[in-house]
Each structure stands twice: as structure tokens, then as C-alpha cells.
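Contents: one structure, followed by commentary.
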Amino acid sequence: MAEEETIQDEQEQIKQRREKLSTLREEGIAFPTDFRRDVVAGELHAEYGEKAAEDLEATPVRVKVAGRMMTRRVMGKASFCHIQDMSGKIQLYVTRDVLPEGYYNQQFKKWDIGDILGAEGILFKTKTGELSVKVDNIRLLTKALRPLPEKFHGLADQETKYRQRYLDLIMNDVTRETFLVRTRIISFIREFLTHSGFLEVETPMMQAIPGGATARPFETHHNALDMGLYLRIAPELYLKRLVVGGFENVFEINRNFRNEGLSTRHNPEFTMLEFYQAYADYHDLMNLTEDMLRQLAKQVLGKTKITYQGEEYDFDKPFTRMSVKESILHYNPELKPEDIDNIDSACKVAEGLKIPLKDSYGLGKIQIEIFEKTVEHRLMDPTFITAYPVEVSPLARRNDDDPFVTDRFEFFVGGREIANGFSELNDAEDQAERFRKQVEEKDAGDMEAMHFDADYITALEHGMPPTAGEGIGIDRLVMLFTDAPSIRDVLLFPHMRPKA
RNA sequence: GGGCCGUUAGCUCAGUCGGUAGAGCACCGGACUUUUAAUCCGAUGGUCGGGCGUUCGAAUCGCCCACGGCCCA
């Protein structure tokens, strides 16, 4: 059966390449490991790209390069090819007469596009001025058995780009650049927070009680302990335990898991930055966020006007700040404050907007439904929305002047939520009461409602200093900065259904 | 979950009214010592996503399924 599949799988080109490999095996070591390069393509272009042909001739530079052969143009006794390494491409000029007798025809010409080569030679410029290596020693380091996608159109099929990301990375510069930017963003944030006095930590990915967010968790099982465990939906409660423990400023950049549907904005596992700062409040975090994102744009993209899907967002001008209620009234000018101030009129507004309501919804939840329906997608330039109702903020500190809302904000760009932060609820008794409310909702059938985490309450009872905390969705931030329409474009290996 | 679109050679794509499947690139053979989508000559390559049905005959029409994309909930 397996044999049958193999035969089916064997395309003509793969067969030919297997035969070439078989010959290589007979001739010696088919997969050598002893070649060492001394430079990568990007360094060569940076250092010698601007040099005149005469200068390169006057002081010969000898280099060893390696990479995947991406193109080849054979013209009788001479050939050009490009090899690609992590930093870019460099052209090789290979001629028959400087190689050992028979090597050019019997070896080099039998290699295929996609094979991985090591080459040694002198830098020079071609007639058209392209920096190239005049090769006098070249070896096949790895035989590729499968052909690459077509050189001109590259790899366009979305599904293959996601399922075989390595092909996408080989063929598409834009894809490579996207993931380089992703890494630069994460590096910048790590350095920014570290330099601001935050300590990077790691907290459990497997939790007995999944806390810190309202979402359905993945469940797993620990065999030796014979107990159920959950993949975390957020690190929040553990990070705040660390604040109780005296690690006053901490951050973690790591994966969260949520057992929900997939979309252009949702992947079951996604990367989150969470950070906590003691002796600070949510205003301090809004300021920090604004500062960090502005610097991030400058440093990573070299500009503060970001183009996303044809729209431009300015990170240079001060970010807008308004409350949930203000934003609802601002984007629904026909509404008066009293229309959303009590549950009966708010229900009418929601019904007018065709928002399905549940009996369990209080005024706060209804306001948020109205906000999500009429405001969220219109928050284009960077905007902080503040004063979220207590009802939808079970871990946030109650506002001193208006106990209906919390000292909380969310941050939006391009109509999408990027961050969520608040002054932390460090009143253990209030927190216990909020957990009880959540458990009631869970018992009433809300699969996303929180568990009661007694251990966390105990931690709070030991005293957590006044603290503000925030989470930033790294994937959505990367989407924004790389102009990616789907979260799958910024995840190296996005979740896919099994193919067959 | 619903709607729309897509799935044809290794890759990128055509395929008319239902009548035995096409191109470019890649690959194979040949020519060629500054090419860069190299060029020129010649040849090979197909489970048309899967299944069922309609039909003398299906890549094409119908139904079901799978996977993907976009939009909506």
C-alpha cells in the first residue's frame, strides 16, 4: 500500500532527480557537511555592491558562499546562476575551463534548480554591473528531489503558501520580509520593556484553572497526576501573582490558546504580550503604549504613517482618547446620553440595531454590544477607548467616581482591537465577588465565563501593590505593520484543517 | 453555521455549445564563454480535488463531500 502511494507520488522530474542522487551516492558522500562559507550575499552587496569593476579587479576579493540555486542560464561552456541564502541572492559565473576536467559537464550541468550549492571564487562585476562571483570551485551540498515552483510567477496558491511555508519563504520576498518584520517588532518590544525596567518571565502554559480572560480553553490531561489541565487562555493571573511576590514590573511574550473558530483575525494559538507595572495606573500605561508604538513604527518601519489595506494611519499625532459612552454618542449622533444610561432605553437602541440580546445581559454588556456594532470598526486612527463597564471587566479596578465602570482602556487602530489594559483589581474581596458573578454566568451556560480561582484570591489577600497591566495582540500588531490582510499571513505555520 | 468564488501538468494559468486535454515556465535531448523571465531547435509529461448521477458521450450539466479564499453571523 505504502509502495503504491510512493509510486503514485513519483512525478517524472522527481524520478530523474532520484536517479541523479543515486549516482551521487555511488560517487561518494552525497550529503557532505564539510563546506564552510565565509560570507552571506547581503554582506557582499552591502560591502562591494557600489565598488567599481576596476577596483574589484585591482584588489581581488576571494569569497566562499552557499545557498539554494534559484536560477540558471547555461550558455555552452559558461553559465550564470543565482544562489539564495538567508540574506539575499548572489550571482555565480561558472566556466568550464577553470573547473576540473569533465566537472562542468558531468557534474555542474546535471544539478537542478533548487539544489543547495557551495561555491568559491573572486568577486567581479558583469557587463551589466551586477556583483557576482567568478567561481573556480563549486560543489553540490544537498540534492533537492522536488522541483521548485515556477521562477517568474512564483508560488501564488494561498493554501500551499500556508501548508508548505518553506516553499513560500524560498519563493516570495514579501513573505520573507513579513516574518523578518515580525521578529524585529518582537525584538524591539522586548528591548523597550527591558530598558524600561521590566523583567521578562515565563508562566505556565498548562493551567489547572484557565484564567485571565473570558474564552473557551483547550483541555488536556496529565497522565501521571491523572488530572485535567487547560492550555492557557492568558497568563494574567500568574503575572499578577509575581507582582504580589515583588517582581513589580514584569512582562511575558508568549502563546495563548483559545478554543474558538478560525478567521482572518483568529488563530487557535496566538502571541500575546502582557506586562504589569506596580505603582502605576491605566493612564500611565496609555502613555507607555503610545510612546512604545510610536517608537516601534519609527524604528521598524522608519516612518510613523502606516498604510494598512489602502488606508493611512498616523502614529505621530497624539492618540485619541474617549470613553465607551462618549464614543457611542459620537458615532451615533442621533442618540442622547439618557438613551444608553438605563437598561430599558439601551435595550430599545440595541433592538433597533438588530443586536440579539440575552436575558443575562446587564446595561454594561448591552452598551458594549452597541459599541462593538456601531463604533469599533470606525476607530481608524490610533484611539484609546476608556471606562469599560464593570460587567465586562471582571479583573479591572472599579472607577472611584463612577462605580459602574472600570479604570480600563482598549486600544484600536484601523477598526481593530490591538490592546487591552487597566488598573488592576487589587481588592481581594471585590475580586472574589467578581469571580462569584462569573461562576453564576458559567452555571447559567456561558462557556466563556471565568472559573473561581481561590488560589489567586489568596495571593491578592497577601496584598498586591497598586498595579496596571496590559495585553497587546502581537499578531494583529504585525498584521498592521506588514499590511497583511489575514492573521495567517503573519503566522509561520497557521492552523489548517488536515488536507485529506 | 450561512452565502459567493475557486480546485485542470511540478508551478502559473487557458479550455467556446457537452464531442478523445492546451500554453508559458520547469524538466529531458541538442547548440551556445557576460546571462539575468537568456536565446534557438526537438521531445516528454494529465486520477481535470473525490464520489454519485444525467447522457451515446462530462474538465464542462446536476447532487453530495473535502480543502482553500472572501463576505456575513
Side-chain angles (χ1 to χ4, degrees), chain A residues 4-5 7-21 41 45 53 56-57 68-84 88-99 104-105 108-115 121-136 143-168 170-172 260-267 309 353-358 369 372-373 376-377 415 484-489 494-500:
Chain A
E4 208 169 286
E5 277 169 29
I7 289 161
Q8 285 247 327
D9 196 36
E10 285 302 62
Q11 301 304 327
E12 191 56 34
Q13 292 189 47
I14 299 177
K15 246 186 248 171
Q16 288 160 355
R17 288 176 178 222
R18 275 194 204 283
E19 277 158 26
K20 290 177 182 176
L21 174 58
H45 289 297
L56 287 171
E57 224 169 302
R68 191 183 296 275
M69 180 159 67
M70 299 301 292
T71 62
R72 184 169 59 171
R73 296 170 290 281
V74 179
M75 299 155 302
K77 301 179 190 67
S79 298
F80 286 94
C81 55
H82 279 100
I83 59 168
Q84 175 172 281
K89 292 189 183 83
I90 183 79
Q91 183 169 253
L92 306 181
Y93 179 57
V94 183
T95 50
R96 187 191 69 179
D97 294 340
V98 302
L99 296 177
Y104 182 83
N105 284 313
F108 173 76
K109 280 170 78 172
K110 293 203 160 68
W111 300 342
D112 295 297
I113 289 170
D115 287 353
I122 306 292
L123 283 182
F124 78 109
K125 288 242 170 137
T126 63
K127 271 184 187 168
T128 54
E130 180 172 348
L131 184 68
S132 308
V133 179
K134 191 171 287 178
V135 169
D136 50 47
K143 182 75 203 161
L145 294 176
R146 290 174 183 268
L148 287 177
E150 191 243 334
K151 64 188 170 193
F152 186 55
H153 299 91
L155 178 64
D157 184 68
Q158 277 299 354
E159 193 172 346
T160 310
K161 281 162 65 81
Y162 295 149
R163 286 190 196 274
Q164 294 177 273
R165 183 68 89 186
Y166 47 91
L167 288 178
D168 191 23
I170 291 168
M171 298 307 297
N172 295 318
E260 292 161 358
L262 289 81
S263 79
T264 50
R265 279 173 239 187
H266 298 87
N267 195 67
Q309 304 293 293
L353 291 165
K354 301 202 173 84
I355 296 170
L357 296 177
K358 290 182 190 155
E369 293 285 329
E372 286 176 358
K373 177 98 179 192
E376 187 167 332
H377 64 277
S486 169
I487 195 170
R488 291 182 158 186
D489 298 323
H495 185 78
M496 302 286 281
R497 283 189 167 90
K499 182 143 179 123

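Interatomic distance, CZ of A:R18 versus CZ of A:R146, reported as 7.0 Å (0.5 Å rounding).
Where A:H153 and A:G129 meet RNA chain B, the nucleotide closest to each residue was compared, and A:H153 sits on the side nearer the 5' end.
Evaluation of atom-type donor-acceptor distances gives no pair under 3.5 Å for the side chain of A:E159 against the base of B:U7. Taking 3.5 Å as the limit, the base of B:U35 and the side chain of A:T126 contain a donor-acceptor pair of atoms between them. For A:Y93 and B:U33, a side-chain-to-base donor-acceptor distance below 3.5 Å is present, hydrogens and geometry of angles not being considered. Contact annotation: side chain of A:E150 to base of B:A26, donor-acceptor pair absent below 3.5 Å.
Contacts of A:R488 with the nucleic acid, taken as non-hydrogen atoms under 4.0 Å apart, involve only primed sugar atoms and P, OP1 or OP2. Heavy atoms of A:D97 sit under 4.0 angstrom from at least one base atom. Across all strands shown, A:T95 has heavy atoms under 4.0 Å from base atoms, whether or not it also approaches the sugar-phosphate. Residue contacts shown for A:G154 are limited to sugar-phosphate atoms, with no base heavy atom under 4.0 Å away. Within 4.0 Å (heavy atoms only), A:S79 reaches no atom of the nucleic acid at all. The residue A:R96 sits apart from the nucleic acid: no heavy atom pair falls under 4.0 Å.
Considering only side-chain N and O atoms, A:K20 lies under 4.0 angstrom from the phosphate OP1 or OP2 of B:C28. Using a 4.0 Å cut-off, some side-chain N or O of A:R497 falls inside it from OP1 or OP2 of B:G68. At least one side-chain nitrogen or oxygen of A:R73 sits closer than 4.0 Å to the OP1 or OP2 atom of B:A38. Contact between the side-chain N/O atoms of A:K151 and the OP1/OP2 oxygens of B:C11 is not found at any separation under 4.0 Å.
With B:C32, B:C28, B:C71 as the choices, the nucleotide that has an atom nearest any side-chain atom of A:M75 turns out to be B:C32.
Below 30°, between 30° and 60°, or above 60°: for A:Y104 and A:F108 the angle between ring planes is below 30°, a parallel geometry.
Side chain of A:S486 to backbone of A:R488: a donor-acceptor contact under 3.5 angstrom is found. Under the 3.5 Å distance criterion, the side-chain polar atoms of A:E150 are matched with a main-chain donor or acceptor of A:H153. The main-chain N or O of A:D112 is never found under 3.5 Å from a side-chain atom of A:R72 such that the two would form a donor-acceptor pair.
When the P atom of B:U33 is taken as reference, atom CG of A:L92 falls 19 Å away, rounded to whole Å.
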